[in-house]
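Remarks on the structure that follows.
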Amino acid sequence: MAQAKISAKASEAAAQQQQQQPGGQLRGRFYRSTSMADRSSRLLENLDQLELRVEAFRDAASAMEQEKEILLEMIHNIQNSQDMRHISEGEREELNLTANRLMGRTLTVEVSVETIRNAQQQESLQHATKMIDEIVNKLLDDLEDAKIRLMSLYGACTSDVPAGPIDQKFQSVVIGCAIEDQKKIKRRLETLLRNLENSEKSITLLEHQKSSVRQSCNSKQD
């Protein structure tokens with residue numbers, strides 16, 4: 001039994017001696033170390049590739065969010081267009097049913113891209129949203145004034161030369177928001193301005209029609 005232990009220790013010592021290289025470095029450890037470096041490099045490369053795919057995934061989801069907003073806006077504009085007012089009641093009812101069906105199907109698609117924010121960015125977003133909401137809540141009181149104020153907010157969000165004055169206070173607030181939130185704020189203002197423009201066109205067209213009817217009535221009376 002003792003002889004067997006001695007033989008085992010001798011065999012182990014001989015194996016270690018064969019693994020040794022000049023400088024006292026163990027060949028087995030050296031190979032393991034090289035293998036670990038290779039694995040680390042491969043894992044890092046895989047993570048780099050995945051990071052690109054994650055960003056592409058978020059961009060695609062964000063694009064879907066925007067597409068949903070655009071579709072809902074287009075359906076809403078069709079339902080409230082002047083053309084809808086100048087067709088028969090039966091045709092208007094049928095078209096509204098189709099529009100409502102399309103809107104319902106669009107709303108069944110839920111897409112949400114969460115933005116990572118620190119405390120300051122969260123506060124800035126809330127402040128910017130409040131400033132826009134205050135104008136929106138007063139839209140019906142004075143459309144023209146609301147449009148001017150919204151344009152000044154929009155001018156604070158764009159890198160293009162603004163057509164009019166910009167709201168410096170709003171600009172400083174938006175700068176404190178996360179980049180993704182800045183883009184969403186700009187898109188919201190663009191949508192609001194488009195809707196205002198469409199409303200103004202509808203009002204102008206309606207007034208023109210009323211004027212034409214009055215002129216026609218006056219002509220008949222003469």
Not counting sequence neighbours, list each pair that qualifies as a side-chain hydrogen bond (donor to acceptor under 3.5 Å, both in side chains) and has a residue in residues 40-53.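 Residue pairs passing side-chain hydrogen bond (donor to acceptor under 3.5 Å, both in side chains), neighbours aside: none found.
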
From [X] atom [atom1] to [Y] atom [atom2], the distance as rounded to the nearest 0.5 Å:
{"X": "H76", "Y": "S81", "atom1": "NE2", "atom2": "OG", "result": "10.5 Å"}
{"X": "L139", "Y": "L192", "atom1": "CG", "atom2": "CG", "result": "7.0 Å"}
{"X": "R105", "Y": "L107", "atom1": "CZ", "atom2": "CG", "result": "11.5 Å"}
{"X": "R101", "Y": "T106", "atom1": "CZ", "atom2": "OG1", "result": "10.0 Å"}
{"X": "N96", "Y": "M103", "atom1": "CG", "atom2": "CE", "result": "10.0 Å"}
{"X": "I135", "Y": "D141", "atom1": "CD1", "atom2": "CG", "result": "12.5 Å"}

Given the rule in the side chain to side chain contact (heavy atoms under 4.5 Å, CB included) test, do I87 and L95 qualify, once you have shown the distances and angles that lead to the verdict? CA-CA 10 Å; I87 58 178; L95 290 174; 3.5 Å; yes

Determine whether K186 and T191 satisfy the following criterion, side chain to side chain contact (heavy atoms under 4.5 Å, CB included), listing intermediate values before the conclusion. CA-CA 9 Å; K186 182 180 178 182; T191 301; over 6 Å; no

What pairs with I78 under side chain to side chain contact (heavy atoms under 4.5 Å, CB included), at least two apart in sequence or on another chain?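 Side chain to side chain contact (heavy atoms under 4.5 Å, CB included) check on I78 returns nothing, list empty.
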
List for me each residue that meets side chain to side chain contact (heavy atoms under 4.5 Å, CB included) alongside A99, sequence neighbours excluded, and say none if there are none.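 With sequence neighbours excluded, A99 shows a side chain to side chain contact (heavy atoms under 4.5 Å, CB included) to I75, Q79, given in chain and number order.
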
Review item, side-chain donor-acceptor pairs of residues 66-73, under 3.5 Å, at least two apart:
unit_1 : atom_1 : unit_2 : atom_2 : d
K68    : NZ     : V109   : O      : 2.7
E73    : OE1    : R194   : NH2    : 2.8
E73    : OE2    : R194   : NE     : 3.0
E73    : OE2    : R194   : NH2    : 3.4

Please say whether more than 12 non-hydrogen atoms of neighbouring residues, nucleotides or ligands are located less than 6.0 Å from [atom1] in [X].
{"X": "M64", "atom1": "CE", "result": "no"}
{"X": "E93", "atom1": "CD", "result": "no"}
{"X": "I116", "atom1": "CD1", "result": "no"}

Hydrophobic cluster identity match, [X] and [Y], side-chain contacts under 4.5 Å:
{"X": "V136", "Y": "I185", "result": "yes"}
{"X": "M151", "Y": "I132", "result": "yes"}
{"X": "L102", "Y": "M74", "result": "no"}

Tell me, please, which residues at least two apart from E180 pass salt bridge (Lys or Arg N to Asp or Glu O under 4.0 Å).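 E180 satisfies salt bridge (Lys or Arg N to Asp or Glu O under 4.0 Å) with R58 only.
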
Please test F170 against S152 for side chain to side chain contact (heavy atoms under 4.5 Å, CB included), starting from the C-alpha separation and ending with a verdict. CA-CA 9 Å; F170 184 74; S152 70; over 6 Å; no

As a quick check of understanding, evaluate side chain to side chain contact (heavy atoms under 4.5 Å, CB included) for V174 and D181, giving each step before the final call. CA-CA 8 Å; V174 172; D181 288 330; over 6 Å; no

Just distance, no hydrogens or angles: give the donor-acceptor pairs under 3.5 Å from side chains in residues 121-129, sequence neighbours left out.
unit_1 : atom_1 : unit_2 : atom_2 : d
Q121   : OE1    : N118   : N      : 3.1
S124   : OG     : Q120   : O      : 3.0
T129   : OG1    : L125   : O      : 2.8

Going by heavy atoms in the side chains, are K184 and T115 under 4.5 Å from each other?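 K184 reaches T115 side chain to side chain.
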
For Y154, does its backbone N or O pair with a side-chain atom of T158 as donor and acceptor, under 3.5 Å?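 No; zero donor-acceptor contacts below 3.5 Å.
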
Would you tell me whether R92 and S88 have side-chain atoms, one donor and one acceptor, within less than 3.5 Å of each other?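 No donor-acceptor contact under 3.5 Å links the two side chains.
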
Does the distance from a Lys or Arg side-chain N to an Asp or Glu carboxylate O, for R188 and D133, drop under 4.0 Å?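 Salt bridge flag = yes for D133 with R188.
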
